[in-house]
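Values reported hereafter were calculated over all heavy atoms of this structure, with side chains retained and with hydrogens, waters and symmetry mates removed.
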Amino acid sequence: MKCTARNIRILTSEEMLTILRKSATLYSEYVDTTLLFIFRKSKSDSYDYYEVRFGKNNFMHLAGIKSESLNANEFYEACISGEITREQCKPRRNAITMYSKIGVMEKILDLRNSKCYKIGEKDLVTRENDFEMATGNANGVIGYDARIKIKGSDKVDRAKAAIPTTLLNAPITAYCSRPDKIMFILQKSDRENTYSRLFYEIKKGLFQTEKERIKEQLKIDL
């Protein structure tokens, strides 16, 4: 096992491809849907929320990979089918960055395990990629951004939900000074106007108990 000065493990080709396949399977549970993260600091605090749409085309970028033969959607499909090859995976920036992302990817994309995660606004100054919110734990984060510009202009498209823009192998507290507990995650498809599915709850049965309170505080239809 080789390590860099940052203690990043250099993965073998088989290890890397196995992680990509497993990560794509986890991602498939919410790919091409929008998730509503509902969170709060404590029982006495009001709920807050953040919407994210996870596209097939975001997966390759999160892995820190570019491919000379596959576009972003094709890359995700190759990972899901198990047909991805080492030759189709080139570092987007450099090999160390790619290995650092893939090394924590499987754990960080397991959003059904959100009891181990927190969410927070990025309010600490870093040299890492720019994003406005993050979910993660002591091992790594996914960064999200809703500041998506309308094509051909400098104006932000307010009609679009945030998207995942980066995956990093640093603790969430490196970016967010006060991350909150993720209480619930709701899910909807692109064809739906309301969140019809409960993807995750921090405690079984709690969502039904809190549903009316959430609707009142967040002013959303559930």
Side-chain angles (χ1 to χ4, degrees), residues 22-23 25-31 33-55 58-59 62 100-101 103-126 128-147 161-189 192 194-222:
K22 290 182 176 179
S23 297
T25 298
L26 289 169
Y27 197 71
S28 70
E29 295 193 43
Y30 48 90
V31 72
T33 72
T34 301
L35 297 184
L36 182 75
F37 293 91
I38 299 175
F39 52 94
R40 68 181 181 187
K41 294 187 183 303
S42 67
K43 289 183 179 180
S44 60
D45 290 313
S46 297
Y47 287 105
D48 202 350
Y49 71 93
Y50 190 72
E51 285 184 296
V52 182
R53 188 185 186 280
F54 294 83
N58 301 126
F59 183 80
L62 293 178
S100 74
K101 293 174 183 288
V104 298
M105 193 174 194
E106 186 180 352
K107 292 182 180 179
I108 301 303
L109 290 180
D110 184 10
L111 293 180
R112 288 200 185 276
N113 194 31
S114 287
K115 192 169 185 177
C116 299
Y117 300 167
K118 290 191 175 182
I119 186 169
E121 181 180 356
K122 182 178 182 291
D123 60 352
L124 300 178
V125 177
T126 69
E128 302 288 356
N129 295 19
D130 190 25
F131 54 94
E132 63 180 6
M133 291 285 286
T135 57
N137 54 25
N139 298 312
V141 301
I142 305 174
Y144 310 103
D145 207 301
R147 295 167 294 185
I163 60 171
T165 58
T166 190
L167 189 150
L168 302 166
N169 72 332
I172 190 169
T173 49
Y175 310 102
C176 311
S177 62
R178 295 185 299 171
D180 300 324
K181 285 184 179 180
I182 298 172
M183 303 298 294
F184 312 105
I185 304 176
L186 305 183
Q187 184 179 35
K188 70 175 181 179
S189 70
E192 295 174 306
T194 60
Y195 288 91
S196 61
R197 293 179 297 284
L198 178 63
F199 185 86
Y200 162 84
E201 58 183 339
I202 196 168
K203 181 181 178 182
K204 188 173 182 180
L206 184 60
F207 179 73
Q208 284 303 319
T209 302
E210 292 288 283
K211 185 174 180 179
E212 292 306 315
R213 182 183 177 192
I214 293 169
K215 288 171 64 175
E216 180 180 349
Q217 289 183 355
L218 302 185
K219 308 300 181 186
I220 55 178
D221 293 326
L222 300 175

Would Phe59 and Tyr27 count as a close aromatic pair, with their ring centres under 6.0 Å?
-> yes

Aromatic ring proximity, centroids under 6.0 angstrom, Phe184 and Phe39 | no

Between [X] (side chain) and [Y] (backbone), is there a donor-acceptor pair under 3.5 Å?
| X | Y | value |
| --- | --- | --- |
| Lys101 | Leu167 | yes |
| Gln187 | Glu29 | yes |
| Glu106 | Asp110 | no |

Side-chain H-bond candidate by donor/acceptor type, [X] with [Y], under 3.5 Å:
| X | Y | result |
| --- | --- | --- |
| Tyr50 | Thr135 | no |
| Asp123 | Ser177 | yes |
| Tyr200 | Arg112 | no |
| Glu121 | Tyr175 | no |

Could you grab the distance from atom OH of Tyr49 to atom CD1 of Ile220, nearest 0.5 Å is fine?
-> 6.5 Å

Residue from Glu210, Gln217, Lys181 passing side chain to side chain contact (heavy atoms under 4.5 Å, CB included) with Arg40 | Glu210

State whether Glu192 and Arg197 are salt-bridged, where the test is any N-O pair (Lys NZ or Arg NE/NH1/NH2 against Asp/Glu carboxylate O) under 4.0 Å.
-> yes

